[in-house]
Amino acid sequence: MTGAPADASLEPPLAGFGARRSLAAEALGTAFLLMIVVGSGIMGARLAGGNDAIALLGNTLATGAGLVVLIVVFGPISGAHFNPAVTLAFALKGEIGWRLALGYVAAQIAAGIAGVWIAHAMFAEPIWQVSTKLRDGPGQALAEFVATFGLVGAILATLRFRAEATPWIVGLYITSAYWFTASTSFANPAVTIARSLSDTFAGIAPSSAPAFVVAQIAGAASAVFAFQRLLAPRR
């Protein structure tokens with residue numbers, strides 16, 4: 001790990017906040033992330049008058065901006081993963097223990113679902129929903145592999161060279177990936193699972209979710225393999 005305890009990077013925790021507070025930070029941050037994604041999707045769809053491009057643009061801007069804020073706030077406490085794929089990447093690199101990593105994943109998934117329900121409540125939607133929005137096909141799975149590979153690679157490279165820029169890099173990458181990937185860049189298994197419980201603009205049908213999750217995990221693992229070699233010091 002590099003940097004001072006005040007760095008708002010996605011590294012494993014640099015300050016002594018302890019496992020409980022780290023898990024709480026992951027849960028709170030992931031819940032807010034899903035509130036942002038689903039809430040802005042609902043707001044965008046309501047205001048766009050049926051224009052999906054405008055709705056997606058609103059969804060994109062809110063998510064990218066929200067990620068920057070969440071990473072700056074929670075980065076020094078938990079590393080601000082909010083994403084099992086990112087946690088997996090750091091566990092594979094040996095920078096977070098597998099026991100804590102499993103705790104992170106459980107917190108991310110549970111809090112993501114809670115965040116979706118809170119977003120529904122804010123917009124007077126039924127709390128319990130199951131998405132009917134199919135996102136099937138090999139192109140969608142490939143898009144999720146590419147989106148997650150790029151996200152993890154961007155994080156690893158930024159931490160190697162410009163750790164202080166990590167919040168901006170992640171926010172900007174996701175803002176871009178919303179538009180250059182066919183899947184609108186979920187790039188996050190916890191987000192995928194949570195969004196399957198929202199039959200709104202941001203939803204994904206439960207039958208489509210497994211392919212997304214497998215592609216995301218494969219993309220994260222592949223990025224660790226590729227970028228460890230790409231970023232290794234010269235011999």
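In this chain, residues are counted from 1 in sequence order. From a predicted model like this one, the values you see are computed outputs, not experimental measurements.
- With sequence neighbours excluded, the residues forming a side chain to side chain contact (heavy atoms under 4.5 Å, CB included) with Ala221 are Leu92, listed by chain and number.
- Linking Ile, Leu, Val, Met, Phe, Trp and Tyr whenever their side-chain heavy atoms come within less than 4.5 Å puts Phe180 and Leu61 in one cluster.
- Residues Tyr173 and Val146 come closest through the heavy atom pair OH-O, 3.6 Å.
- Nearest heavy-atom pair, Val38 versus Ser198, reported as atom, atom and distance to 0.1 Å: CG1-OG, 3.6 Å.
- Partners of Thr87 by side chain to side chain donor-acceptor pair (under 3.5 Å), not counting sequence neighbours, listed by chain and number: His81, Gln108.
- Nearest approach of Gly39 to Ala119, heavy atoms of both residues: N-CB, 3.9 Å.
- Applying the side chain to side chain contact (heavy atoms under 4.5 Å, CB included) rule to Ile36 yields the partners Ala62, Thr63, Leu70; only residues at least two apart in sequence or on another chain are considered.
- For Gln228, the side chain to side chain contact (heavy atoms under 4.5 Å, CB included) criterion is met by Lys93, Val224, not counting sequence neighbours.
- Dense packing is recorded around CZ of Arg160, with more than 12 heavy atoms of other residues, nucleotides or ligands lying under 6.0 Å away.
- Residues Pro76 and Ile71 approach most closely at CD-O, 4.3 Å, considering heavy atoms.
- In terms of the side chain to side chain contact (heavy atoms under 4.5 Å, CB included) criterion, residue partners of Asp52 (sequence neighbours excluded) are, by chain and number, Phe201.
- Sorted by first and then second residue, the ring pair (Phe, Tyr, Trp, His ring centres under 6.0 Å) pairs with a member in residues 129-155 read Phe149-Phe227; sequence neighbours excluded.
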N/O donor-acceptor pairs under 3.5 Å from side chains in residues 204-214, not counting sequence neighbours:
from: Ser208; atom 1: OG; to: Arg135; atom 2: N; distance (Å): 3.0
from: Ser208; atom 1: OG; to: Asp136; atom 2: OD1; distance (Å): 2.5

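- Shown here are the salt bridge (Lys or Arg N to Asp or Glu O under 4.0 Å) partners of Arg46, two or more places apart in sequence or in another chain: Glu125.
- Phe82 places none of its side-chain heavy atoms less than 4.5 Å from the side chain of Val86.
- Heavy atoms of other residues, nucleotides or ligands lying less than 6.0 angstrom from CZ of Phe225 number 12 at most.
- Separation of atoms CZ (Phe90) and CG (Asn83) is listed at 10.5 Å; rounding is to 0.5 Å.
- The salt bridge (Lys or Arg N to Asp or Glu O under 4.0 Å) search around Arg21 returns none, not counting sequence neighbours.
- Residue pairs satisfying the ring pair (Phe, Tyr, Trp, His ring centres under 6.0 Å) criterion with at least one member in residues 25-56, sequence neighbours excluded, are absent.
- Hydrophobic clustering keeps Val69 apart from Leu172 (ILVMFWY residues linked when any side-chain heavy atoms are closer than 4.5 Å, directly or through intermediates).
- Listed by first then second residue, pairs satisfying side-chain hydrogen bond (donor to acceptor under 3.5 Å, both in side chains) with a partner in residues 53-62 read Ser40-Asn59, Thr60-Trp179, not counting sequence neighbours.
- Under the 4.5 Å side-chain heavy-atom criterion for ILVMFWY residues, no single connected hydrophobic cluster contains both Leu102 and Leu88.
- A donor atom on one side chain and an acceptor atom on the other are found under 3.5 Å apart for Glu144 and Ser183.
- Taking 4.5 Å as the limit, every side-chain heavy atom of Phe17 sits out of range of all side-chain heavy atoms of Ser78.
- Cluster membership for Leu56 and Leu34, using ILVMFWY side-chain heavy atoms within less than 4.5 angstrom, is shared.
- None of Asn188, Thr192, Thr148 except one satisfies the side chain to side chain donor-acceptor pair (under 3.5 Å) rule with Gln216; the exception is Thr192.
- Listed by chain and number, the residues in a side chain to side chain donor-acceptor pair (under 3.5 Å) with Ser196 amount to none (sequence neighbours excluded).
- A pairwise comparison of heavy atoms in Val116 and Ala194 identifies CG2-O, 3.5 Å as the closest pair.
- For Gln129 and Thr200, the side-chain atoms include no donor-acceptor pair closer than 3.5 Å.
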